[in-house]
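Could you have a look at this structure, given as structure tokens, before my questions?
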Amino acid sequence: MMAIDEAKRGILGDANVGIRPGSGGIKIAIDRGGTFTDCIGSQPDRPPVVIKLLSVDPQNYEDAPREAIRRVLEAYTGRKILREEKLDTSLIESIRMGTTVATNALLERKGQKCALVTTKGFADCLIIGNQSRPKIFDIAIHKPEVLYQKVIEIDERVTLEDYTEHSEKLKTVDVSTDEDLTFGLSGEVVRILKRPRTTEVEASLLGLYAEGFRSIAVCLTHSYTFPEHEKLVGDIARKIGFEHISLSSQLMPMIKLVPRATSATADAYLTPEIKKYISGFENGFDGGLGNASALKGKGTRCEFMQSDGGLVDVNLFSGLRAILSGPAGGVVGYALTSYDPKTKIPVIGFDMGGTSTDVSRYGEGHYEHVFETTTAGVTIQSPQLDINTVAAGGGSQLFWRNGLFVVGPESAGAHPGPACYRKGGPLTVTDANLHLGRLLPELFPTIFGPQENESLDSEASERLFTELTEEINLEIDAASNMTVDEVAYGFIKVANEAMIRPIRALTEAKGYDTSTHRLATFGGAGGQHAVAIAEALGISQILIHKYSSVLSAYGMALADVVQEVQEPSSYIFTPETQSMFVERFLELKKRASASLREQGFKDHHLEFESYLNMRYRGTESALMIIKPADGWDFEKPFVDHHLQEFGFILPNRDIIVDDIRVRGIGKSYQLAEKTVDEQLKTLKVTLVNGDKRVSMKEVYFEGGRIQTPVFKIEDLDAGDKVVGPAILADDTQTIVIPPGAAAISLETHIMVNIGDEARKKAASTEQIDPITLSIFGHRFMAIAEQMGRALQKTSVSTNVKERLDYSCALFDAQGGLVANAPHLPVHLGSMSTAVRTQANIWKGKLKKGDVIVSNHPQTGGTHLPDITVITPAFHGDKIVFYVASRAHHADIGGILPGSMPPHSRELYQEGAAIFSEKLVSEGHFDEQRITELLLHEPAKYPGCSGTRCLPDNINDLKAQVAANQKGIYLIDSLIDEYGEAVVQFYMLAIQDNAELSVKNLLREVSKRFEGKLLRASDYMDDGSLICLTIDINGDDGTAVFDFTGTGPEMYGNMNAPEAVTYSAIIYCLRCLITEDIPLNQGCLKPIKVIIPKDSFLSPSATAAVVGGNVLTSQRVTDVIFHAFQACAASQGDCNNLTFGIGGKIEGKDEQVRGWGYYETIAGGSGAGPNWHGTSGVHTHMTNTRITDAEIFERRYPVLLREFSIRKGSGGNGQYRGGDGVVRDIEFRVPVQCSILSERRVYHPYGLAGGQEAHCGLNLWARLVDDGKGGKKERIINLGGKNTASMQAGERIIICTPGGGGYGPANLDADISGRKMDPRANWRGQGSVAIYNAIQESN
């Protein structure tokens, strides 16, 4: 498809894009997308040429960008240029391009064969990653494959000498006394433990070379600050002849081993593919491409767009920075055309395409970057624009599932595409817009059908919508029957809600108000949804550039060339160190300047942005702060930014600088078009002349179809005002203007203004409307999600802020669960028990501003470190909802640091037990009482201490209160929008919907097992029996879960409060349903649970329970899945490891300040009917992330010797169980170390003939006298539950269990029938996307 338009002046025409002095050639900007390639050509004093063609059309051309350039040259020279003819670079001043080559290679896993070189003990670091599973409810766990084909280990090791958790903040300042000590680039003192041997490195690399590897990635521990060992490996590899060498220390010198190793691997995997593509592209030109060729007069400048929104010379373009090459152009395009630096109105970018929608923000005059993102399952460190992908686009499929309207995430793609594309495709959002009259076939390209000469097929869309409407009406009450129009419009509303959630997260979660923004929409489908999106966000003005359909290419034309330079740091920012930072900035500027000069820029074309990546000591949430305009004092902007984004500051904490960054900018083009606000000052607005209307169409808006005028965009003059309802369209886009909105044509944009009259949403409480029900499902979940973001933002502790060991939820007035964000499974059902209990205790006593705190097992607690904060939501003087947040506190006292003692016998030994207290009374935070409860009360018991980290406890509790307050605010907004009666009505309806889903599941299970009782049992390691019988009534879809026969309460800590069993049941049911359903109290309505009193699943009030939450819960889950014959046993364990120092001094009342660390360690997952188990992953009731090795060693006095897959530990079978891991930690100072684990005696079972997995094993490598005056190492088995005082140099080695196998080992595995998550290979980058991934994996 090609469209050349020479009539559209004033946007690019007459050199409006701007040119470098002394030039007069043709400038070309190209965006090669997945489906279409867009190209804009410009030349002084001549109108622009705009071309759009298919990115892949092998019958007509080999390469779309080159073909686009050929057509531009034909248009400007007036000469026919043959396709096989080399293009004359002397005619071209510059080529600027964005490409999906790297993204596609990553998505399709078609990069260069490469190998990873890493430190001994870390060969499996990328397989394990952060150990979390991608989707919390997938028992068939799918983790993205690693990019390398082989990994080799180098026997070398360095570590950091000091650790930040030291109570005295000691820091080594003299390295001259020890040849193994040196200062790293960050200023941290590095200890060299083992230097690499050149001969060994060379032999390993020669072996790789002999196997055909030509590209390698090198990532060694702590190379971000000590790169010497990596440089040695790189030098040897170059001498051997490797063609591409990616050193992590050069690509992105930032702390965190796993993201840096993944980044280096991605670069080694993708850059050769980029170079291969560029080489083929260059072959089509007569003359070279790139600055070097241009300076010699033998070619033209050629620059590629990078993920950070800056261009780079073709010869410097790398795969690591190419992931968002195309979308970045769109952000630059709208940022420079929709933002006015004088009025400073921030802009939200809304790029809605066929498969997905990209959302971003531009404000304060500079781009928002993120430095660690996940794309196609690969987490990388590299500066990228904060572009967030939403799983909803024009091609998103439409479903009716369990009484709900569901949009996506499945997409019809380009083939077969939507039903209306004449290829037999499914119903999609595009079909809904077409059926409702919001897409006009007569204005759409005629590229469909067998001969590719037909328009959209409206009849196909209507036929499928009619069938779906009949299906829906069969399942709902007759009084609620819907028309085909209502069904199609319902899907549009649900799709809009799905897109609104991440926009809210992008803005509100960072402390911005969406209503103060403009919405800039572009992409093919954006104009049909923009007004509804803006209205829901409170945005009153929408900007649609007249070149919005090719805005990414336009952005390439406007972009600057950028050179990023960055160095690590560990220094504190103070007035005394300020001058040192200025010196570092000057050095980095020199490096950036040199690179830009090499690319042809003069000094007067250079600009610089200086940044410090800053955080408070003891936190890991750094903020990238740009240099203030009035000097070099970064402290005030950091404090202001921290307060805005996180809601608090820490006045007495040191401010640490993690990174020093300079962004060098080569200014080459100037935008000549006036800003929107400048145009509005002189614009004369008049109602559009009716003669410009090209037709009238029946278009569906809220309430019914309306006769709607249609205008062509090119017919509108500046100042023309079109009042809705109306449709504005051209060859590439359609803009829907509903009633209440009006469009004004500017020189460069269509501006849509939305009426500001506040309309309460109309919804009935007589009958359930499935559309409104689907929307409320999104809204309720959004409240819980935003509470979670608020909690993570405002918390201080590593447990909450980094490991995300928390949950947030919304409850009805009786304490029934309404919506639980997908955080920790063990909290799912138990939080409801806690809220119901507290609601009864405080009935009639609570006032607005009151907050309750509790953690006691008898009131719905799981174990004592999990503290629940509950806030009632009032409407008038009546409680209408509750919100609650539960967070794991690193220490709350007890007999051992970390409050996870392996040998506790009584509840008091596990720390502070809070039955029911007011934390806040009418807005006053009672710090005195909570200090008494956490610090003094636990210390009254023999051998016990109060909390060892009270400041963190207080800060995290305040964060929980703030998160709850966020939920209250959102509930109030929802009631204001719909009215209390409607909100309450749909709160109950969404619970009924979940109940229906569970009933349908139980009916299916009953049918599969022919109505038989389901039975399963298993033994805890101490011999205690878990016994379960499930009796399903297949007629009414109810079931009895009967745990009669389960063993008695233990004199130990494996007792599990009843709430834990409820959590296990709701988790298992949600996993078995396999579809997204509302997760709420309705899931348990069809279930009756029988738990024998005084069993270890229903213990007494004083029983120890710390292991019940983290271990017994896993074993109960395995028993439930066994009864359903769903899968083999997973590791059945969390492998809870704690260590630390400090606490109460025996025989004295005083406490020694200390620190504690807590982690849970991955294992193997069980295999199933058509899937292998996964190795090195968290399973079932937990999914917390592991601390990165380099962060681990920076914060604590430890040396991580090994973190690897425990090969062969999974059960054999037709489908193999996943393997466990080996985690070997050496302590560098004396600590108290405790392990609390299961499956050290009873093996994880296999199923259907599959073999059992290996048990776990906990070893203590103890130093003992060797009889010769020295020390020797003795290996001691610690058993499953133990604590030990470990000395410096001693190690704990945790070998975790594998997962059981499924099916006889002599049968071949067939995973072809396995249903894959349609989002598995999505490009899911950006701050919101990565937060969602974390949240869904927790």
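Along the sequence shown, the residues carry numbers beginning at 1.
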**Asked** Do N855 side-chain atoms and I867 backbone N/O form a donor-acceptor pair below 3.5 Å?
**Response**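 Answer holds: no.
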**Request:** Output, in order, the C-alpha distance, side-chain angles, deciding distance and verdict of side-chain hydrogen bond (donor to acceptor under 3.5 Å, both in side chains) for D866 and T862.
**Result:** CA-CA 7 Å; D866 285 345; T862 47; 3.1 Å; yes
**Request:** State which residues pass side-chain hydrogen bond (donor to acceptor under 3.5 Å, both in side chains) with S1098; sequence neighbours excluded, sorted by chain then number.
**Result:**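 If we apply the side-chain hydrogen bond (donor to acceptor under 3.5 Å, both in side chains) test to S1098, skipping adjacent residues, the hits are E1058.
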**Item:** Ring-ring centroid check F811 Y882, cutoff 6.0 Å
**Value:** no
**Asked** So, N1055 side chain and V1105 main chain: donor-acceptor pair closer than 3.5 Å or not?
**Response**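 Looks like no, no N/O pair under 3.5 Å.
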**Item:** Cation over ring face, R653 and Y616, 6.0 Å, 45°
**Value:**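 No; the conditions do not both hold, so R653 does not lie above the ring face of Y616.
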**Message:** Assess the residue pair Q1131 and H1254 against the criterion (side-chain hydrogen bond (donor to acceptor under 3.5 Å, both in side chains)); give the C-alpha distance rounded to whole Å, side-chain angles, the decisive distance to 0.1 Å, and a yes or no.
**Reply:** CA-CA 9 Å; Q1131 68 159 334; H1254 288 198; over 6 Å; no
**Request:** Any chance you could measure I930, atom CD1, to E932, atom CD, to the nearest 0.5 Å?
**Result:** 10.5 Å
**Asked** Hey, are K1093 and E1049 close enough for a salt bridge, meaning a charged N less than 4.0 Å from a carboxylate O?
**Response**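 Judged by the 4.0 Å cut-off on N to carboxylate O distance, K1093 and E1049 do not form a salt bridge.
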**Request:** State plainly whether the residues R1228 and E161 are in salt-bridge range, i.e. N to O under 4.0 Å.
**Result:** yes
**Request:** Go through the steps to decide whether I870 and S854 satisfy the test side-chain contact (heavy atoms from CB on, under 4.5 Å), and finish with yes or no.
**Result:** CA-CA 8 Å; I870 303 164; S854 176; 5.5 Å; no
**Message:** Are more than 12 heavy atoms, taken from residues, nucleotides or ligands other than R1274, located less than 6.0 Å from that residue's CZ atom?
**Reply:**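 Check fails, neighbour count at 12 or below.
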**Message:** In terms of relative ring orientation, are F1139 and F1227 parallel, tilted or perpendicular, with 30° and 60° separating the classes?
**Reply:**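 Ring orientation, 0 to 90° scale: perpendicular.
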**Request:** Indicate yes or no for a side-chain donor-acceptor contact from E1238 to the backbone of D1021 under 3.5 Å, with no hydrogens or angles considered.
**Result:** yes
**Prompt:** Any side-chain donor paired with an acceptor under 3.5 Å for Y1157 and E1159?
**Reply:** yes
**Message:** Test of understanding: with salt bridge (Lys or Arg N to Asp or Glu O under 4.0 Å), list the residues that count as partners of E1193, not counting sequence neighbours.
**Reply:** R157
**Request:** State whether F1192 and R1223 meet the cation-pi test: NZ (Lys) or CZ (Arg) under 6.0 Å from the six-membered ring centroid, and within 45° of the perpendicular axis.
**Result:**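 The answer is yes, since R1223 meets both limits relative to F1192.
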**Passing option when D1133 is tested against R1240, H1180, R1115 for side chain to side chain donor-acceptor pair (under 3.5 Å)** =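 By the side chain to side chain donor-acceptor pair (under 3.5 Å) criterion, D1133 pairs with just one of R1240, H1180, R1115: R1240.
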**Separation between CZ of R1194 and OG1 of T159, rounded to the nearest 0.5 Å** =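 If I round to the nearest 0.5 Å, the distance is 11.5 Å.
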**Request:** Check the pair I1235, N1136 against side-chain contact (heavy atoms from CB on, under 4.5 Å), reporting the backbone distance first and the verdict last.
**Result:** CA-CA 6 Å; I1235 181 67; N1136 303 269; 5.7 Å; no
**Request:** Check whether any side-chain N or O of N964 sits under 3.5 Å from a backbone N or O of V869 as a donor-acceptor pair, and report yes or no.
**Result:**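 Flag set: sc N964 to bb V869 pair under 3.5 Å.
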**Request:** May I ask you to check whether Y163 and Y1196 place their ring centres under 6.0 Å from each other?
**Result:**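 When the ring centroids of Y1196 and Y163 are compared, they turn out to be at least 6.0 Å apart.
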**Asked** Is any side-chain heavy atom of V920 less than 4.5 Å from a side-chain heavy atom of D850?
**Response** no
**Prompt:** If you measure from the Lys or Arg side-chain nitrogens to the Asp or Glu carboxylate oxygens, is any gap between R1262 and E1273 under 4.0 Å?
**Reply:** no
**Prompt:** Can you list the residues that meet the salt bridge (Lys or Arg N to Asp or Glu O under 4.0 Å) rule with E906, with sequence neighbours excluded?
**Reply:** none
**Request:** Tell me yes or no: between the side chains of T1160 and H1178, is some donor less than 3.5 Å from an acceptor?
**Result:** yes
**Prompt:** Quick one: CH2 on W1260 to CD on E1290, what's the gap to the nearest 0.5 Å?
**Reply:**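 It is 5.5 Å, given to the nearest 0.5 Å.
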**Test: R948 and D891 ion pair at under 4.0 Å** =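 Salt bridge flag = yes for D891 with R948.
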**Asked** Do NZ/NE/NH1/NH2 and the carboxylate oxygens of E1190 and K256 come within less than 4.0 Å?
**Response** no
**Item:** S1165 side chain vs S1130 backbone, donor-acceptor pair below 3.5 Å
**Value:**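 Side chain of S1165 to backbone of S1130, a donor-acceptor pair under 3.5 Å: no, none is there.
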**Item:** Aromatic plane relationship, H888 with Y1158 - under 30° parallel, 30 to 60° tilted, over 60° perpendicular
**Value:**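 The rings of Y1158 and H888 lie parallel, inter-plane angle below 30°.
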**Message:** Check R1239 with D1018, please: is the shortest side-chain N to carboxylate O separation under 4.0 Å?
**Reply:** yes
**Item:** Under 3.5 Å side-chain donor-acceptor pair for T1283 and S1234
**Value:** yes
